[in-house]
Structures are given as structure tokens and as C-alpha cells.
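Chain A is the first sequence line, chain B the second, and so forth, proteins listed ahead of strands; every chain is numbered from 1.
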There are 2 protein chains.
Amino acid sequence: MSNRLIQAMKSKGLRITSQRRWIAELFSASNGFVLPRQVHSYIAQHLPGVSYDTVYRNLRLLADLNLIEQFDFPEGVRFKLRCGPDRHHHHLICIQCQQTIPIDFCPLEKDLNLPTEFQVVSHKFEVYGLCGSCAAS
Amino acid sequence: MSNRLIQAMKSKGLRITSQRRWIAELFSASNGFVLPRQVHSYIAQHLPGVSYDTVYRNLRLLADLNLIEQFDFPEGVRFKLRCGPDRHHHHLICIQCQQTIPIDFCPLEKDLNLPTEFQVVSHKFEVYGLCGSCAAS
DNA sequence: GTGGATGCAAATTCTTTGCAAACCC
DNA sequence: GGGTTTGCAAAGAATTTGCATCCAC
């Protein structure tokens, strides 16, 4: 029950309510991107009566604290547990199940030949496709 | 007045209204990402009384027809003219003025060492930062 | 003339906010 | 107990839809 997210929340001084415990539970069990409404219906299975805005507020809070990662998909915003600070990496993202698979390759480590006057601040690199199990089915 | 977007709209069988002419004008004059409301206020300067939903509907339509590119920024969705079919490329994107600068480098042409069971469908690679003029000011 | 496009208004959906009651520490 | 968090309800914002009128072809 004391997963990484719970620990991180504690260290930020947040109170560990049952709602937050289940949010942490969900993100720890999945490495994919989920929609706010998916989070809410998951929590509601365990805590009937949980309000949508509590879930939403917590997702926003966790994203602001940089504990989860926010990502804008065409169907709307999705969240996933932020990867540990171990090593910079990117992801393969399954377009079917939103599962993510880390990859080590980073384009910015290559010789990009960028115009010198452009000051790089950040970058985004993702590969979309079908993961092994989604491709099989 | 007969820019690429206008031609593309004609070839899709769309009627060229003055609203659409100004939308085409805007996208042809800019290589950056613009918000729907920016598009609307630009059109409204030339066509007072143009409705927001007409602009919005047309942006959606052009995006569906793949003539403009939709992109989700934190402040909301933005659009820009789709690059010509000349050569696959990526962009530097200025986080200040949303200007884009094409770059030839494509990570997928490199040796990524992806897991073989993953079927790649598409990819995204963008570099964010400050363009020359924004960095100077 | 006719079907597609527009403008208006209202409906949906998504996201945010205020506040009293409930609960964690 | 005290300050956070929650649930409810309502406000805002973004996006979509219905429909009569208008206009490009």
C-alpha cells in the first residue's frame, strides 16, 4: 500500500485520503495513459460516491507537483505516472491500449545540425503504434 | 489570392467563401501555430460580424481534410498550415511566438533498436525553445 | 435554382471555483 | 483541534449542434 506515489505525496505534505490512495493504486498498477473519467470510474468502483471534481482536482494537483505526467491526446487530456528520475528516456505508445514502453534512444543526443540561434528548451519524441499484445489481437 | 490552401479547398469541392478566403490568407502568411480565437479575431478584422462557430467549424473541417495541422498546446488547441508533401521533416517550435522552423533530421531514420513486436504507426518529434528573434528580445 | 455555408442561439462537454461539512494528522 | 480535503452545486470555457437564411456555383 505504500507505493512510490504515496511516498511522494507524503513528502510534499499532502494528506493521504482514501481517494488519493486509490489514485496512487491505479497509477502504480498501470504504465499507460488514462483519461480523467477513467480514473474517476476506477475510484468509484472502490469508493462509491467519490466526486468527479475531487478526482480532477487531484490529477491537476499531482500534475502540478510533477508526480504524474499530463499529455494531450486527441480525445482529451490523459495522465500517467511520471517515470522515475533514473535516466532520460522516451516512449513507445500503443495507440490501442495507451500502454507505454520506455526506449533509451534520444534524438537530441545525435548530431541534429540545428540553427545556432535557436535556444533549445525541451523536446518531445514519441513513437506510436501497436504493442505486442494489441497487434496480436 | 489563389494560394495553396484555396486550391486545396477547391479540389476538395469546398466553396470559396470570403470567410474561407481570409482563413487561407492567414495560414499562408504565417508558419506558426495559432489559436482558434486568434483566427477569429483576425478574420473579424476583415469581415466584421463573422461568427466564432463558422471559424471553428472551418478549422475543424480543414483539419479533418488534413489541410491544416492540429496540435494540442497546454493553452489549448492550435492550428497551422500543413507542410507540403515535399519531404518528411520535423520542426523547431518557438515557445514564445509559436513560429516553426523545419529541420531535416528524423529520429526514425536512425537505428532505434525498438522491440521487434511493436508495430510502428507514426511518430512525433519536436524541439521546443526560443527562435532567434524571441531569444534576442 | 440548389445544395453547401453562415450566423445565431442553445446544448454538451470539459474544467474550474466557492463553500460548508468531513476527515487526516 | 486545526487546517486540508471532499462533495455538491454552480460558474466558466471550449466545443458541438439545429435550423432558418444566405450565397457560391
Asks: Does A:H90 use its side chain to pair, donor to acceptor, with the backbone of A:F125 at less than 3.5 Å?
Replies: yes
Asks: Enumerate the residue pairs fulfilling salt bridge (charged side-chain N to carboxylate O under 4.0 Å, His left out) with a member in residues 64-74 of chain A, sequence neighbours excluded, ordered by first and then second residue.
Replies: A:E69-A:K80
Asks: I want to check something: taking the side chain as every heavy atom from C-beta on, are A:V127 and A:I93 in contact at a cut-off of under 4.5 Å?
Replies: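 A side-chain contact is absent here, since even the closest heavy-atom pair is not under 4.5 Å.
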Asks: Mind checking what makes ring-ring contact (aromatic ring centres under 6.0 Å, His included) contact with A:F71, not counting sequence neighbours?
Replies: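 Listed in chain order: A:F33, A:F73.
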Asks: Determine yes or no for a side-chain-to-main-chain donor-acceptor pair under 3.5 angstrom, with B:S41 supplying the side chain and B:R37 the backbone.
Replies: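 Between the backbone of B:R37 and the side chain of B:S41 there is a qualifying donor-acceptor contact (under 3.5 Å).
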Asks: Expressed as a whole number of angstroms, how long is the span from B:R60:CZ to D:dT15:P?
Replies: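 So the two atoms are 7 Å apart, to the nearest Å.
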Asks: Considering residues at least two apart in sequence or located in another chain, which fulfil the salt bridge (charged side-chain N to carboxylate O under 4.0 Å, His left out) criterion with A:R78?
Replies: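 By the salt bridge (charged side-chain N to carboxylate O under 4.0 Å, His left out) rule, A:R78 matches A:E75.
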Asks: Is the side chain of B:N3 donor-acceptor paired with the backbone N or O of B:S28 at a distance under 3.5 Å, no angle test?
Replies: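 No.
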Asks: To the nearest Å, how far apart are B:N58 CG and D:dT17 C1'?
Replies: 15 Å
Asks: Quick one: side chain to side chain contact (heavy atoms under 4.5 Å, CB included) partners of B:I68, sequence neighbours excluded?
Replies: B:L5, B:F27, B:L59, B:L62, B:A63, B:F79
Asks: What orientation do B:Y56 and B:Y52 show, parallel under 30°, tilted 30 to 60°, or perpendicular over 60°?
Replies: tilted
Asks: Can you list every pair that meets side chain to side chain donor-acceptor pair (under 3.5 Å) and has a residue in residues 107-119 of chain A, with sequence neighbours left out?
Replies: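 Qualifying pairs: none.
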Asks: Using a cut-off of strictly less than 4.0 Å between a heavy atom of the residue and any atom of DNA chain D, enumerate the qualifying residues of residues 36-50 of chain B by number.
Replies: B:R37
Asks: Angle, rounded to 10°, between the helical axes spanning five pairs at each terminus of the helix from C:dG1-D:dC25 to C:dC25-D:dG1?
Replies: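 Between the first-five-pair axis and the last-five-pair axis there is 40°.
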Asks: B:H91: which residues meet the side chain to side chain donor-acceptor pair (under 3.5 Å) condition with it, sequence neighbours left out?
Replies: B:H89
Asks: Under the salt bridge (charged side-chain N to carboxylate O under 4.0 Å, His left out) test, which residues partner B:R57, sequence neighbours left out?
Replies: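 For B:R57 the salt bridge (charged side-chain N to carboxylate O under 4.0 Å, His left out) partners, ignoring immediate neighbours, are B:D53.
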Asks: So where does chain B start and stop touching DNA chain C, 5' to 3', when the test is distance under 4.0 Å to a non-hydrogen atom?
Replies: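 Nucleotide range in contact with chain B: C:dG3 to C:dA9.
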Asks: Using whole Å, report how far CG of B:L35 lies from P of D:dA14.
Replies: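 Atom CG in B:L35 sits about 9 Å away from atom P in D:dA14.
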Asks: Contact class for B:D53 vs. all strands (heavy atom < 4.0 Å): base, sugar-phosphate, or nothing?
Replies: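 The residue B:D53 makes base contact.
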Asks: Output all residues satisfying salt bridge (charged side-chain N to carboxylate O under 4.0 Å, His left out) with A:D104, sequence neighbours left out; order by chain, then residue number.
Replies: A:R87
Asks: What nitrogen or oxygen pairs link the protein and nucleotides 19-24 of chain D at under 3.5 Å?
Replies:
{"residue": "D:dA24", "atom": "N3", "partner": "B:R15", "partner atom": "NH1", "Å": "3.2"}

Asks: If each of B:L14 and B:E75 is mapped to the nucleotide of DNA chain D with the nearest heavy atom, which maps nearer the 5' terminus, i.e. the 5' end?
Replies: B:E75
